[in-house]
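Predicted model, so just to flag it, every value in this text is computed and none were measured. Scope of the values below: all heavy atoms of this structure, side chains included, with no hydrogens, waters or symmetry mates. For this chain, numbers begin at 1 and follow the sequence in order.
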Amino acid sequence: MSGVIYNRVAFIGLGLIASSMFWAIKRAGLVGEVTGYARSQQTRDTARRIGLCDRICDSAIEAVKDADLVVLAVPVGAMAEIAQEIGPHLKPGATVTDVGSVKRAVIDAVAPHLPENVHFIAGHPLAGTEHSGPESGFAELFDYRWTLLVPVENSDEAAVARLQEFWQGIGAYVEVMDADHHDLVLAVTSHAPHLIAYTMVGVADDLRRVTDTEVIKYSAAGFRDFTRIAASDPTMWRDVFLNNKDATLEILGRFTEELFALQRAIRTGDGDHLHAYFTRTRAIRRGIIEAGQDTDAPDFGRKKAPQ
Ligand code: NAP
């Protein structure tokens with residue numbers, strides 16, 4: 001539908017996000033040739049075996065040679081080192097983007113290593129699963145999901161428009177956003193909820209001797225959804241919290257205050273407070289469904305208990 005937008009695209013890092021982007025690129029015919037590089041031989045071998053990328057390279061420098069778009073798809077904490085390595089080998093006029101879940105820290109880490117004749121436009125697709133690695137990707141991951149583009153100071157408008165067209169060809173809706181605003185929004189919608197899920201699963205694990213297998217047996221009652229989130233990649237999430245420290249701490253501070261207020265309402269038997277609070281939160285869920293960002297099916301459309 002979109003036609004070729006970039007002649008050559010290079011992926012550095014070949015996990016869930018890069019592999020999903022690759023399959024979506026192929027689905028829409030958006031790119032002439034796609035090269036890829038991952039640090040481990042094992043991931044490169046797997047990529048070659050499953051046909052992930054048109055050409056797998058044994059170094060990042062080789063992968064980015066002559067690339068019109070370079071996508072950094074590694075954990076946030078690994079971006080600086082990669083940028084430093086590839087910086088001197090980028091094609092003049094190329095665009096460099098990333099898919100990291102945090103934006104201010106990535107921009108600060110990557111931008112100083114890139115030459116002036118390259119366009120750096122940070123990015124973040126708001127789509128993912130708890131799976132990782134080169135075999136976890138699928139072409140539909142970004143369909144009807146938002147990708148946020150975060151241009152740096154003096155980003156070239158034509159380069160931003162081209163990257164936007166590329167993401168739309170992948171299936172995503174696109175919005176341009178400022179880095180600090182991005183980090184605050186994501187702290188609310190993703191980072192703090194992940195930390196809460198990790199905590200809840202950790203608490204249940206601490207209790208497991210008392211409850212025996214009940215935690216697993218009766219997990220459908222809410223806990224199962226926490227366990228899915230808490231199964232997300234440990235390296236990725238360690239890096240998210242270390243690199244979005246201020247916004248996450250701000251939101252967790254507010255969360256703790258609200259939690260105390262609810263705790264107090266329970267202790268004092270203030271049913272009106274609880275009811276009003278839960279009515280407000282239910283409306284938020286309805287808004288998400290109306291915006292087409294989740295299913296209306298009961299229990300997320302699960303038909304029967306997993307075996
Ligand atoms: P993933 O499936 O775990 O894959 C990560 C890739 O990065 C692998 O190819 C890995 O190489 C490579 N890598 C890991 N540590 C590295 C290091 N220190 N130096 C160089 N390469 C390294 O990860 P992903 O889920 O695709 O996430 C990639 C980026 O997308 C992250 O920045 C994450 O914040 C962001 N993101 C993730 C999601 C999500 O839900 N998963 C959603 C939106 C954005 P090897 O395989 O060789 O180890």
Side-chain angles (χ1 to χ4, degrees), residues 1-38 43-44 46-74 79 82-83 86-87 89-100 110 114 117-128 133-151 155-174 176:
M1 46 171 202
S2 301
V4 171
I5 296 173
Y6 295 103
N7 282 328
R8 185 170 290 181
V9 168
F11 285 107
I12 307 298
L14 296 172
L16 169 73
I17 299 299
S19 58
S20 296
M21 288 179 74
F22 173 74
W23 298 121
I25 285 169
K26 285 290 150 186
R27 180 183 66 175
L30 299 176
V31 172
E33 191 196 27
V34 181
T35 57
Y37 167 76
T43 297
R44 297 198 297 272
T46 303
R48 286 186 179 113
R49 178 172 53 76
I50 65 174
L52 174 60
C53 297
D54 300 316
R55 190 158 52 84
I56 293 295
C57 303
D58 289 317
S59 78
I61 293 170
E62 190 191 337
V64 303
K65 188 171 185 299
D66 293 327
D68 303 292
L69 175 70
V70 175
V71 182
L72 307 180
V74 297
M79 300 266 181
I82 302 250
I86 63 171
H89 305 276
L90 295 165
K91 178 179 169 180
T95 292
V96 175
T97 190
D98 77 295
V99 294
V110 169
L114 302 182
N117 59 10
V118 161
H119 307 294
F120 177 41
I121 305 158
H124 180 200
L126 306 189
E135 293 182 277
S136 60
F138 53 99
E140 299 77 21
L141 179 65
F142 309 105
D143 287 350
Y144 311 111
R145 299 282 170 253
W146 286 93
T147 289
L148 302 177
L149 294 185
V150 181
S155 277
D156 179 65
E157 274 180 34
V160 175
R162 198 169 168 200
L163 187 59
Q164 176 159 357
E165 194 189 343
F166 172 73
W167 271 109
Q168 285 165 341
I170 281 176
Y173 303 131
V174 179
V176 172

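- Leu90 places a side-chain heavy atom less than 4.5 Å from the side chain of Val96.
- In terms of modelled atom types and a separation under 3.5 Å, the side chain of Ser20 and the main chain of Ala139 share no donor-acceptor contact.
- Across all their heavy atoms, Gly128 and Leu141 have their closest contact at N-CD1, 3.9 Å.
- Smallest separation of non-hydrogen atoms from Ser136 and Ser19: C-OG, 4.4 Å.
- Side-chain contact between Leu69 and Val31 is absent, with no heavy atoms from C-beta onward closer than 4.5 Å.
- Looking at every heavy atom in both residues, Val118 comes nearest to Lys91 through CG2-O, 3.8 Å.
- Around NZ of Lys65, the count of heavy atoms belonging to other residues, nucleotides or ligands within 6.0 Å does not exceed 12.
- With sequence neighbours excluded, the residues that form a ring pair (Phe, Tyr, Trp, His ring centres under 6.0 Å) with Phe142 are Trp167.
- Residue Gly123 comes nearest to Thr97 through the heavy atom pair N-OG1, 3.8 Å, listed as atom of the first residue, atom of the second, then distance.
- Applying the side chain to side chain contact (heavy atoms under 4.5 Å, CB included) test between Ile170 and each of Leu30, Asp143, Thr147 identifies Leu30 as the sole match.
- For the pair Asn117 and Pro92, the tightest heavy-atom approach, listed with the atom from each and the gap, is ND2-CB, 3.5 Å.
- Under the 4.0 Å criterion applied to side-chain N and carboxylate O atoms, Asp68 and Arg162 are not assigned as salt-bridge partners.
- Going from atom CD1 of Ile5 over to atom CZ of Phe166 covers 7.5 Å, rounded to the nearest 0.5 Å.
- For an aromatic pair to be called close, the ring centres must be under 6.0 Å apart, and Phe11 with Phe22 fails this.
- Atoms CZ and CG, on Arg8 and Asp66 in that order, are 5.5 Å from each other to the nearest 0.5 Å.
- We find the CG-CD distance between Leu14 and Glu135 to be 12.0 Å, quoted to the nearest 0.5 Å.
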Would you list the atom pairs, donor with acceptor, under 3.5 Å between side chains in residues 50-63 and any protein atom, with sequence neighbours excluded?
unit_1: Asp54; atom_1: OD1; unit_2: Lys26; atom_2: NZ; d: 3.0
unit_1: Asp54; atom_1: OD2; unit_2: Lys26; atom_2: NZ; d: 3.2
unit_1: Asp54; atom_1: OD2; unit_2: Val34; atom_2: N; d: 2.7
unit_1: Arg55; atom_1: NE; unit_2: Glu33; atom_2: OE2; d: 3.0
unit_1: Asp58; atom_1: OD1; unit_2: Arg44; atom_2: NE; d: 3.1
unit_1: Asp58; atom_1: OD1; unit_2: Arg48; atom_2: NH2; d: 3.2
unit_1: Ser59; atom_1: OG; unit_2: Glu62; atom_2: N; d: 3.0

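- Contact check for Leu149 versus Gln164: side-chain heavy atoms found under the 4.5 Å cut-off.
- The line from CG of Leu114 to OG1 of Thr95 is 11.0 Å long, rounded to the nearest 0.5 Å.
- Of all heavy-atom pairs spanning Ala83 and Val110, the tightest one is CB-CG1, 3.8 Å.
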